[in-house]
Amino acid sequence: MNDDALMAQDREYIWHPFTQMHDYAQRDLLLVDRAQGIKLYDRQGREYFDTISSWWCIVHGHSHPTMQRYVREQLEKLDQVLLAGISHEPAIRLAAKLVELTPPGLDKVFYSDNGSTACEVAVKMSLQYWQQSGHPERQGLLALERGYHGDTIGTMSLGGVPEFHQAFAHLMFPSHRLTPPTCYRCPAGMPAPLPPAVDGREQLRCDCECLQPLAELLAREGERLAAFILEPRLMAAGGMIIYPAQWLRRAAELTRSYGVHLIFDEVATGFGRTGTMFALESAGVTPDFLCLSKGLTGGMLPMAVTMTSDEIYRAFYGEYHENRTFFHGHTFSGNPLAAAAALGSLAVFEEEQTIAGLSPKMAHLDRCLARFKELPWVGDLRRLGMIAALELVADRAGKQPFPAVQRVGWPIYLAGLEQGLLLRPLGNIVYLWLPLSTTEEEITTITEKMWQVLSNPANIAQ
Ligand SMILES: *Cc1c(COP(=O)(O)O)cnc(C)c1O
């Protein structure tokens with residue numbers, strides 16, 4: 001089929017996610033034919049830098065040969081089998097590896113198949129744990145404004161991005177909300193941290209005064225809370241909000257002091273994105289639940305896990321008639337092909353020493369991005385690991401955002417495609433979410449193209 005015929009059928013049959021289809025009434029979607037490394041190719045041979053890792057999941061670039069080999073070999077043996085009462089080698093080996101890679105205290109692995117379910121599983125486990133551990137009063141849940149944990153009704157209920165979820169507000173279960181540590185617009189009115197020192201040390205200019213509302217909430221509600229769910233160090237979908245490890249450490253200590261479970265949603269930040277294998281490492285805290293998905297299979301196949309402690313696992317363990325079973329599971333929980341892809345990705349981490357190779361790339365990214373601060377419409381520039389975000393503002397001194405109706409990201413998205421860049425701004429936030437395999441040369445090219453887009457006033461909504 002030629003491209004025109006394909007796109008006619010696309011319009012006829014596909015309803016795309018997070019997409020206003022009307023935008024494509026007169027214009028075709030990008031029709032991707034193949035992908036290699038950081039690049040996507042269409043059938044005319046045009047190439048596009050996948051600067052957002054195909055929705056934050058590609059880790060070692062597309063079509064990595066080691067991962068392809070792992071999946072191909074698995075495909076010869078076992079395609080799919082249920083995980084209820086049955087096991088298989090890829091799921092077993094992957095679980096053992098994940099327990100080894102994460103801090104002590106995360107001892108058990110529960111499989112599912114996407115990030116939303118990974119978070120729902122953690123919430124359900126926490127609630128059921130308290131019921132069967134003599135604390136049925138612990139039913140409350142705490143989450144951050146601007147947090148994002150998925151699009152199911154349960155995870156929307158704990159989400160704080162009203163742009164996405166307000167149509168369903170009447171279905172949401174109640175939960176407590178906390179203002180997030182948005183350092184650029186500090187809720188406590190303190191100055192934002194300086195960039196980290198050369199040795200990586202954080203340079204805060206505050207004492208995390210913004211934690212006071214958490215302390216107050218815990219003093220009031222702490223004994224009735226089951227869990228606090230949050231994205232450690234980087235709130236991705238809520239606007240690429242990067243916050244200090246110090247905040248995470250102190251918030252975790254406070255939460256723990258009231259016996260409340262901590263659920264770390266590392267669906268987006270896991271697997272090297274923030275410069276360490278997991279974002280929690282930067283703060284040295286271990287949660288009661290760790291949710292992983294996007295980068296777990298290196299982005300090749302859908303899979304998710306919820307990890308937790310032996311102690312929590314034991315509260316579900318008993319004779320069948322005691323009714324402690326966790327009745328939850330998905331058709332494709334622990335799918336063997338996905339588990340093989342994940343093992344392949346972890347093998348690449350070892351073979352290529354991916355994490356150790358990040359620091360020169362991150363330093364190069366900083367150098368290449370520094371000049372964007374000169375642009376009058378760039379209010380904030382922030383980076384964590386291989387993720388960088390530019391917050392565009394209508395007025396820099398007043399940090400005045402562009403009104404949502406101006407849709408400042410749309411002309412930038414279109415101009416990016418012209419430059420061979422797949423940029424997908426989140427509202428007023430233009431960001432790079434680079435595969436860890438991105439080379440310094442590619443970083444130079446990408447940021448130069450991004451400069452062509454963002455330095456041109458014609459691309460900025462006025
Ligand atoms: C993407 C994302 C989710 C949801 O994952 P899906 O696989 O899209 O359901 C949950 N939490 C965070 C932090 C995410 O970025």
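Values reported hereafter were calculated over all heavy atoms of this structure, with side chains retained and with hydrogens, waters and symmetry mates removed. Each ligand, and each atom within it, is numbered from 1 in the order the structure gives. Along the sequence shown, the residues carry numbers beginning at 1.
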Trainee: Verify ring pair (Phe, Tyr, Trp, His ring centres under 6.0 Å) between Y41 and Y48, making sure each step is shown before the conclusion.
Mentor: CA-CA 6 Å; Y41 298 87; Y48 299 87; 8.9 Å; no
Trainee: Go through H330 and Y111 one step at a time and tell me if the ring pair (Phe, Tyr, Trp, His ring centres under 6.0 Å) criterion holds.
Mentor: CA-CA 8 Å; H330 298 276; Y111 283 106; over 10 Å; no
Trainee: Using the ring of each side chain (for Trp, its six-membered ring), is W56 parallel, tilted or perpendicular to Y431, with breaks at 30° and 60°?
Mentor: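 Rings of W56 and Y431: perpendicular, over 60°.
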Trainee: Tell me whether the rings of Y148 and F164 are parallel (<30°), tilted (30 to 60°) or perpendicular (>60°).
Mentor: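 Y148 vs F164 ring planes: perpendicular.
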Trainee: Do R273 and S53 have side-chain heavy atoms sitting under 4.5 Å apart?
Mentor: yes
Trainee: Could you walk me through whether H176 and F228 pass ring pair (Phe, Tyr, Trp, His ring centres under 6.0 Å), step by step?
Mentor: CA-CA 9 Å; H176 298 277; F228 179 13; over 10 Å; no
Trainee: Residues around ligand 1, heavy atom under 4.0 Å from any ligand atom, sorted by chain and number. Can you pull those?
Mentor: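 The 4.0 Å shell around ligand 1 contains W56, N114, G115, S116, Y148, H149, G150, E231, D265, V267, A268, K294.
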